[in-house]
Amino acid sequence: MRMLTFAIRNTKEILRDPLTVIFGLGFPLILILLLSAIQASIPVQLFEITRLAPGIVVFGLSFMTLFSATLISKDRKSSFLQRLYTTPMTAMDFVLGYALPIIPFAVAQSFICYTVAVLLGLEISVSILTAILFIVPISLLYVALGLLFGSILTDKQVGGICGALLTNLSAWLSGIWFDLKLVGGAFEDIAHMLPFVHAVEMEREIIAGNIAGIFPHLWWVLGYAALTTTIAVLLFLRQMKKQ
Amino acid sequence: MQAIKIQGLTKKYKDITAVDDLSLSIESGELFSLLGVNGAGKTTTIKMLCGLIQPTDGDAFLMGHSLRSDSAIVKSIIAVSPQETAVAHGLTVKENLELMCGVHGLGADKKKERMSQLTELLGIKDVLQRKAGKLSGGWQRRLSIAMALISEPEILFLDEPTLGLDVIARSELWSVISSLKGKVTTVLTTHYMQEAEALSDRIGIMKDGRLLLTGTADDIKRMAATDNFEEAFIRIVKGEIK
């Protein structure tokens, strides 16, 4: 009950922030439309809608990290969290209350992006629903990153680290904008040791109808999600104690 | 009956002692003010009593419950209005109050009753539908106190409740705080001498983490041999009065 009350509050705070609509929905849609327009003029295999849409959907999730990290850091700054720490709420109420509202946002965002992709030529199939379903494990990773950054950074730092650094890293190292093989070497090796490219490849395999192709990408995503969640919870508890 | 009994409460950060061997008793229904210059240890004391930070040494008993061993019970009988307003800016005033009702597990009937009582007490009926983040500092402070009172706490901590308010808003908030006297045990920290003198049943003056003395405003003025409370405070803090 306490967790649910807190989660509802967090949902309202996020939905009422105009940045949610602008970055969470507007930006990914603009990218799909823009890159599809480029693709129509200068065809590039990477920007075919079957490869572009899954990439943009995963890229859009980096904004979920920004939303949750911003909310947590603002709650720390305003002492709102301090007030709640003096109530009977438990650590689990806080962690789940911050994490749970983000997952429906992530699913809704991917649903809208894939719907626009259908309008741009993506074939309607059950694979789209499967791809939306597999957004859940990927979003866990981004939710955990939000909890992690929100626990250690100020709201201004969150803007820089999550708004600029994370979105760029997850874009460059995911193979959305360019084929990682074109760069090759250490860059490609590093990219494959991080979860972003695996999240994108997993979605692409599903959209291509190759459900068996989600492995080993799913393990990478789940492994990083579990690791990041553990670190995030520990850091959240640490800042709770530091109050 | 003693609402708060503090025994040798100490907080050390590496080589800095923020609160040093504090012992103090506060009676039920009393409004007790902690005064001191910056860094005196007022906020650290309040944070320890709220369970936000662990004491290095000593203990405190709130309505007989140990801060160290009964922290869950202590959390259910206290409430705090922090130095910052600590409201949810994106929610309306009503939603903020409803949030605190949910956090404290109040049932539907109790929630309705408390919301109605506090709306009346704090005079916030006209702003119930306004977003908290759009309110002036004075209204945010009122909301902050209403949020703290929603659970009918036995002990209320007000950390600098009128900080940054204009003279009218401060005076209005004083009326609200005065109306709590006798009903809720209140521990208040403030930098405003006039506020402490006007509101408090008793006052404690802290310096460098130590409690220098406690007494009524009149006691303190008598000890400092002056009719002016601010002057008395200055003399005591400067060590002119032993």
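Model, not experiment: these values are computed from the prediction.
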Would you confirm whether Q82(A), through its side chain, and P82(B), through its main-chain N or O, come within 3.5 Å as a donor-acceptor pair? no
Donor + acceptor pair across side chains of T190(B), E195(B) (<3.5 Å): yes
Just do the side-chain hydrogen bond (donor to acceptor under 3.5 Å, both in side chains) check on T189(B) and D159(B) with the steps written out, would you? CA-CA 5 Å; T189(B) 72; D159(B) 196 4; 2.5 Å; yes
When heavy-atom pairs shorter than 4.5 Å are enumerated against chain B, which of R16(A), R2(A), R83(A), E13(A) gives the highest number? R83(A)
Using non-hydrogen atoms and a 4.5 Å limit, figure out which bit of S151(B) sits close to chain A: side chain, backbone, both or neither. neither
Quick check on the interface: out of G51(B), A86(B), S76(B), who has the most heavy-atom pairs with chain A under 4.5 Å? A86(B)
Given F67(A), F105(A), F63(A), the one that forms ring pair (Phe, Tyr, Trp, His ring centres under 6.0 Å) with F23(A): F63(A)
Geometric class of the F236(A)/Y85(A) ring pair [parallel <30°, tilted 30-60°, perpendicular >60°]: perpendicular
Could you tell me which portion of A72(B) (side chain, backbone, both or neither) has an atom closer than 4.5 angstrom to a non-hydrogen atom of chain A? neither
Between Q2(B) and S25(B), do the side chains contain an N or O donor and an N or O acceptor separated by less than 3.5 Å? yes
Out of E98(B), E95(B), Q54(B), return the one with the most heavy atom pairs under 4.5 angstrom to chain A. E95(B)
Let's test your reading of the structure: which of G105(B), S71(B), S144(B), P153(B) forms the most heavy-atom pairs below 4.5 Å with chain A? S144(B)
Would you check if there is a donor-acceptor pair between the side chains of T10(B) and D21(B) at a distance under 3.5 Å? no
Portion of Q83(B) that has a non-hydrogen atom of chain A nearer than 4.5 angstrom: neither
Chain B interface, residue from T5(A), T86(A), D93(A), L84(A) that has the most non-hydrogen pairs under 4.5 Å: T86(A)
Less than 4.5 Å to any heavy atom of chain A: does that hold for the side chain of M100(B), its backbone, both, or neither? side chain
